Amino acid sequence: MICQWPILGRIEALLEFRAFPAANPAAMTLKTRFAPSPTGDLHIGSVRTALFCWLYARRFGGQFVLRVEDTDRERSTQESIDAILNGMAWVGLDYDEGPYFQSERFPRYREVAANMLADGSAYHCYCTPEELEAMRAEQIARGENPRYDGRCRERREPRDGIEPVVRFKNPREGVVIVDDMVRGPVEFDNSGLDDLIIMRADGTPTYHFSVVIDDSDSEITHVIRGDDHLNNTPRQINIIEALGLTRPQYAHVPMILGEDGSRLSKRHGAVNVLEYREQGYLADALLNYLVRLGWSHGDQEIFSRDEMIRLFDIEDVNPSAARFSPEKLAWINQQHIMAADIDILSEQLAVQYKRMGIDTQQGPPLKAVIDAFRERATTLEEMAESSWYLFDDVTEIDAKASKKHLRPAVKEPLLALRNHLAEQDPWEASAIHAAIDAVAADCEINFGKLGQPLRVAVTGGSVSPPIDITVELVGKDRSLERIDRALAYIDKRISGSGS
RNA sequence: GUCCCCAUCGUCUAGUGGCCUAGGACUCCAGCCUUUCACGCUGGCAACAGGGGUUCGACUCCCCUUGGGGACGCCA
């Protein structure tokens, strides 16, 4: 059969293309995609968008695709591609297809553009960037909307020495209704849209064009993306219509703002996901925090990965932008640390010690450290920072703490305790506790009056987990040695002050 | 400037016309627990942006104002 409609010819061309896995017409499953452009770090806001896409696919048994939008050869970098891949891997948003790279599909875009040129839905434009710039400036000066006026629409003749771009012939009348899953129907007037460039002079496609083709070729059913794309959607829909393709469902999720309500950026703190890993946040905790920005399930605050998948739905995403709160993230991270699997925690705690240059070979097992510290640390970094004395030498005692707790009066009890402890075998918290109890009773002081000096002696500071556990973790030799040093400090203080 | 979106405690949110004297969470404050710090527990401060409608009845529906955000590139 001979195809008479150019549009059908195009559809056949679409079907023949094999860069994506062949279409399976039998099962049109739900499919979402995350499509970042590799022009910087993987932004925390992008991660939330990716999370929503991933969650939606997982929830309804669909597929999740990763596509790298690197059509801008100038700005795309390998470094940034690595950042995206590493970031996705860290947060554990696994994809069923991809990563696809648009830069590998240039022939495909050229093919579709050529067809559009042939059937008149697109045209060559010979205006130079300078001319366009001038046009915009004039329009703004006149108080008009800056937009391309379509002056090349009817042009037949090329211009010497100018490589043309390809523009899409956007309808001049009528309206486009975007039926958004988050916002409901949103109406745009075609009169407010202009003929956008779909192919640059260098033969590479622009964003609006490549998205449409890729989403269609890879059979994306749900386009879930940031709010900032809502205005772009009618343009893309017009291209879809011109090509006779199927529209996906759209869901434009709200953006994440900084604490001050302006667009989230570096000056608000860490925006690169990988920085959160470095600071000792748990990937699950970060996702938990992110999912609660714009989505909720009753009064529940803490969600495991599985719960998120089981409960998430785009229908429950609210349309307003949310501000990023480091305090709440910290709290959620702590909640996750308290509940997390100990193997995962020790793995990441080890990374933190390593970063700090602390050798954990000599000292208590990491799991014991975690048991003692998990409910008093907001991040793993913090946990490592507050437990250094379990591994490193205490060469200096906090001045304030020693002044307050290592007083002449505690010399006798502390010495007695030292001798008690020297006898302990095995070295464990319950026995240590009993020793402190006994000495305190002997000296007729309460537990705290002896415990706190001991804490200062053994940790060099006034804050630690329960003293018996702390002393156990520090170890017998180290503890005795440190108590001796504290005793010497007290002696020096006695002779020094002449009392 | 034009177009689009949004609007409940400081922040994240619940709330889909009567269940609201507006609930939960973070932060902050007070207290309890306690050998320090945390955890945990109890209590407290704190909001429907303003104005018009619709309705017997509006946080909930409609309109306007105001405020915030976004888009208007040979960036995505």
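Residue numbers begin at 1 in each chain, while the letters A, B, ... track the order of the sequences. Please read all numbers here as calculations on a predicted model, not as lab measurements.
- The interatomic distance linking A/Glu74 (CD) with B/G73 (C1') rounds to 14 Å, in whole Å.
- Here B/U35 is the nucleotide among B/C74, B/U35, B/G1 with the atom lying nearest to any side-chain atom of A/Ile467.
- As rounded to the nearest Å, B/A7 and B/C61 have P atoms that lie 10 Å from one another.
- Side-chain proximity of A/Arg455 to the nucleotides B/U36, B/C5, B/G24 is greatest for B/U36.
- OP1 and OP2 of B/A25 both lie 4.0 Å or more from every side-chain N or O belonging to A/Arg292.
- A perpendicular orientation is assigned to the rings of A/Phe303 and A/His297, their planes being inclined by more than 60° (bins at 30° and 60°).
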Inset, instruction - Check the pair A/Ile337, A/Phe373 against side chain to side chain contact (heavy atoms under 4.5 Å, CB included), reporting the backbone distance first and the verdict last. - result: CA-CA 10 Å; A/Ile337 286 177; A/Phe373 283 83; over 6 Å; no
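- Counting only heavy atoms from C-beta on, A/Pro319 has its side chain closest to B/A7 among B/A7, B/C74, B/A71.
- Across B/U60 and B/G68, the matching P atoms stand 22 Å from one another, rounded to whole Å.
- Not a single donor-acceptor pair, N or O on each side, falls under 3.5 Å between the base of B/G70 and the side chain of A/Asp227.
- Here, B/A49 and B/U13 have their P atoms 15 Å apart, quoted to the whole Å.
- Checked against B/G73, B/U11, B/C4, the side chain of A/Pro146 finds its nearest nucleotide in B/G73.
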Legend entry - From CA spacing to verdict: ring-ring contact (aromatic ring centres under 6.0 Å, His included), A/Phe312, A/Phe52: CA-CA 8 Å; A/Phe312 184 81; A/Phe52 283 5; 5.1 Å; yes
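- Among the nucleotides B/A14, B/C4, B/G1, the one closest to any side-chain atom of A/Asn145 is B/G1.
- Of the residues A/Asn170, A/Asp195, A/Asp194, the one that meets the side chain to side chain donor-acceptor pair (under 3.5 Å) test with A/Arg235 is A/Asp194.
- Taking atom P in both B/A38 and B/C29, one finds a spacing of 11 Å when rounded to whole Å.
- Of the listed nucleotides (B/C4, B/C74, B/A14), B/A14 has the atom at the smallest distance from the side chain of A/Ser296.
- Comparing atom distances between the A/Arg136 side chain and each of B/U35, B/A76, B/G73 picks out B/G73 as nearest.
- The number of heavy atoms from other shown groups lying within 6.0 Å of CD (A/Glu79) does not exceed 12.
- Nearest to the side chain of A/Asp299, among B/U13, B/G23, B/U35, sits B/G23.
- Side-chain proximity of A/Asn232 to B/U13, B/U35, B/A71: nearest is B/A71.
- B/U55 sits 26 Å from B/G23 when the C1' atoms are compared, rounded to a whole Å.
- Distance, A/Met255 CE to B/G69 P: 11 Å, rounded to whole Å.
- A/His229 comes within 4.0 angstrom of a base, heavy atoms only.
- Separating the P atom of B/C45 from that of B/A22 is a span of 11 Å, rounded to the nearest Å.
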Legend entry - Working for ring-ring contact (aromatic ring centres under 6.0 Å, His included), residues A/Phe324 and A/His268: CA-CA 9 Å; A/Phe324 188 87; A/His268 294 111; 9.0 Å; no
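- Side chains of A/Gln102 and A/Glu69: a donor on one and an acceptor on the other come within 3.5 Å.
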Inset, instruction - Check step by step if ring-ring contact (aromatic ring centres under 6.0 Å, His included) holds for A/Tyr289 and A/Tyr281. - result: CA-CA 11 Å; A/Tyr289 175 68; A/Tyr281 287 86; 9.5 Å; no
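- Comparing B/C33 with B/C41, their P atoms are spaced 16 Å from each other, to the whole Å.
- Searching all strands for a Watson-Crick or G-U wobble partner of B/U60 with both distances below 3.5 Å returns nothing.
- In this structure, A/Arg105 is not positioned above the aromatic face of A/Tyr100 in the sense of NZ or CZ being under 6.0 Å from the six-membered ring centre and within 45° of the axis.
- For the pair A/Asp468 and A/Pro36, nearest-nucleotide mapping onto RNA chain B gives the more 5' position to A/Asp468.
- Across every strand in view, B/G1 sits in a pair with B/C72 that passes the Watson-Crick or G-U test at under 3.5 angstrom.
- Taking the C1' atom of each, B/C63 and B/U42 are spaced 47 Å apart, rounded to whole Å.
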Legend entry - B/S/- contact track for nucleotides 37-43 of chain B, protein heavy atom under 4.0 Å: BBSS---
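- The A/Thr206 side chain lies nearest to B/C74 when the options are B/C74, B/C4, B/U36.
- Here the side chains of A/Arg292 and A/Ser296 are in contact, with some heavy-atom distance below 4.5 Å.
- For the pair A/Tyr56/A/His222, a side-chain contact is recorded, criterion being any heavy-atom separation below 4.5 Å from C-beta on.
- Within residues 263-273 of chain A, the residues having any heavy atom under 4.0 Å from RNA chain B are, by residue number, A/Arg263.
- Of the side-chain N and O atoms in A/Ser262, none sit less than 4.0 angstrom from OP1 or OP2 of B/G69.
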